[in-house]
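Here the structure comes first, spelled out in structure tokens, and everything after it is commentary.
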Amino acid sequence: MKKIKYIIVFLLSIGLLNSCLIDNDTDLDKNEEGKNFFTFNVKQTSLAGIADGSEYTFKLQIALSGPTSMDVTSDLQAVIVADEASTAVEGTHYRIDNPTVTITKENNYLAELELTMITVGIVTPLDASPLLLLKVSNVTGSADVIADGKPITISLDYACPSFLAGDYDVVTTRGDGGVRYWSETITNIGVGKYLTEYVGTWDPPLNPDYGMVFQDVCDVISVPLQGLADMYSNDVWSHEPGSVDPLTGIITINYTIAFDSGDQTYSSVYTPVK
């Protein structure tokens, strides 16, 4: 009886395995014949503006992608809408003057959506940056192109005046205890947005022209998701907020670098050179 029972279990296992293989083949076949997507080029970004009553205009790239996108030849249109999960309020935090986007073969199926960040009536610092989740809807022009349904998450960072560009002595401590010392210059590249010369504890730097981008929002420091030194596919991001000491000007940046062997955390302290 035991032998019969084991044989039955074995046969059932083979049946389940074959069933899984058939399903996988079917999924792959469907993927080959899948639809193309009208989608945002990135899924997460942050936009910053000083809350001084000004309006700031930003452009977000939208493109066509998919398994048969090279076969599409017609003009495509879509309407960009805000997801209900957004905490940003239209008319208070942002405005989209033209939510309809057209992409064409002549422009390599690339287009830009203009987003206006409103700062009138905003008093900083805010408890949290409003989040705007935008998604593509109502795609027309080709039966082979649909909206991907995945929103881009935009953090609207209302900045206080920020003046962090300059020369610093730096101490970086890795999560495993390793420490590195150096001096560098921080460069301003946007509203409350800065570029360092170094990232991690490599010396010399991985990229002599690019370290890490960070943002200052009313003395709270964050590292937006980015590639390592603008050269490698390793992700770099904040694992917890950093800070600026308003009295000493000392900057603390906390961030993580992803590695195949395991993520590594870093804490860098930047002391202004007098």
Side-chain angles (χ1 to χ4, degrees), residues 42 44-52 54 56 58 119 124-129 155-274:
V42 297
Q44 179 180 335
T45 190
S46 57
L47 307 176
I50 297 174
D52 58 1
S54 302
Y56 297 87
F58 301 94
T119 72
T124 54
L126 301 179
D127 291 336
S129 295
S155 176
L156 298 178
D157 298 333
Y158 288 91
C160 303
S162 178
F163 308 100
L164 302 183
D167 298 328
Y168 292 83
D169 292 326
V170 187
V171 180
T172 293
T173 304
R174 204 169 49 216
D176 61 6
V179 181
R180 178 76 71 179
Y181 303 85
W182 66 79
S183 297
E184 68 169 277
T185 300
I186 291 177
T187 304
N188 178 248
I189 58 172
V191 178
K193 183 177 288 188
Y194 299 90
L195 177 66
T196 68
E197 293 182 356
Y198 287 75
V199 59
T201 51
W202 291 276
D203 191 14
L206 293 173
N207 182 345
D209 300 316
Y210 199 103
M212 172 179 63
V213 172
F214 71 89
Q215 292 179 312
D216 171 27
V217 180
C218 301
D219 295 336
V220 177
I221 300 297
S222 63
V223 178
L225 182 66
Q226 59 195 275
L228 178 61
D230 199 37
M231 289 181 64
Y232 302 94
S233 60
N234 308 62
D235 286 336
V236 181
W237 72 94
S238 293
H239 60 266
E240 63 179 87
S243 62
V244 179
D245 186 320
L247 297 179
T248 64
I250 293 176
I251 306 168
T252 301
I253 306 178
N254 303 308
Y255 59 98
T256 294
I257 301 176
F259 297 98
D260 290 340
S261 58
D263 298 349
Q264 187 65 262
T265 61
Y266 301 80
S267 182
S268 296
V269 178
Y270 295 74
T271 300
V273 176
K274 304 272 182 162

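The residues of the chain are indexed from 1 along the displayed sequence.
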**OP:** Calculate, to the nearest 0.5 Å, the distance between atoms CD1 and OG1 belonging to Ile186 and Thr196 respectively.
**Re:**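 The OG1 atom of Thr196 is 7.0 Å from CD1 of Ile186, to the nearest 0.5 Å.
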Subject >> Val236: which of Asp230, Val213, Leu228 passes side chain to side chain contact (heavy atoms under 4.5 Å, CB included) >> reply: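 Only match with Val236 under side chain to side chain contact (heavy atoms under 4.5 Å, CB included): Leu228.
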Original post:
Of the non-hydrogen atoms in Ala159 and Thr124, which two are nearest, and what is the gap between them?
Top reply: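 Residues Ala159 and Thr124, closest heavy atoms: O-CG2, 4.3 Å.
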Original post:
Which heavy atom of Ser46 sits nearest a heavy atom of Lys193, and at what distance?
Top reply: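 Heavy atoms of Ser46 and Lys193 come nearest at O-NZ, 4.3 Å.
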Could you check whether any side-chain heavy atom of [X] comes within less than 4.5 Å of a side-chain heavy atom of [Y], counting everything from C-beta outward?
X	Y	answer
Ile253	Met212	yes
Pro272	Ile250	yes
Cys160	Asp219	no

Original post:
So Tyr168 and Tyr270, would you call those rings parallel, tilted or perpendicular, with 30° and 60° as cut-offs?
Top reply: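 Perpendicular: the ring planes of Tyr168 and Tyr270 meet at over 60°.
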Original post:
Taking it one step at a time, do Asn254 and Thr265 satisfy side chain to side chain contact (heavy atoms under 4.5 Å, CB included)?
Top reply: CA-CA 7 Å; Asn254 303 308; Thr265 61; over 6 Å; no
Subject >> Full working for side chain to side chain contact (heavy atoms under 4.5 Å, CB included) between Val171 and Val179 >> reply: CA-CA 7 Å; Val171 180; Val179 181; 3.9 Å; yes
**OP:** Using modelled atom types only, decide if a donor and an acceptor are shared between the side chain of Asn234 and the backbone of Ala258 within a distance under 3.5 Å.
**Re:**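 Checked: pair present.
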Subject >> Side chain Glu197, main chain Glu184, donor-acceptor under 3.5 Å >> reply: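 Flag not set: sc Glu197 to bb Glu184 has no pair under 3.5 Å.
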Original post:
Going through the distances and angles, do Trp237 and Asp263 end up as a side chain to side chain contact (heavy atoms under 4.5 Å, CB included)?
Top reply: CA-CA 11 Å; Trp237 72 94; Asp263 298 349; 3.7 Å; yes
Original post:
Just one of Tyr181, Trp182, Phe214 clears the ring pair (Phe, Tyr, Trp, His ring centres under 6.0 Å) bar with Tyr198, so which one?
Top reply: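 With Tyr198 as partner, ring pair (Phe, Tyr, Trp, His ring centres under 6.0 Å) holds for just one option, Trp182.
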Original post:
Do the side-chain N and O atoms of Ser129 and Asp157 include a donor-acceptor pair separated by under 3.5 angstrom?
Top reply: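 Distance-only check passes for Ser129 and Asp157.
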Subject >> Intermediate values then yes/no, side chain to side chain contact (heavy atoms under 4.5 Å, CB included), Val42 and Leu225 >> reply: CA-CA 11 Å; Val42 297; Leu225 182 66; over 6 Å; no
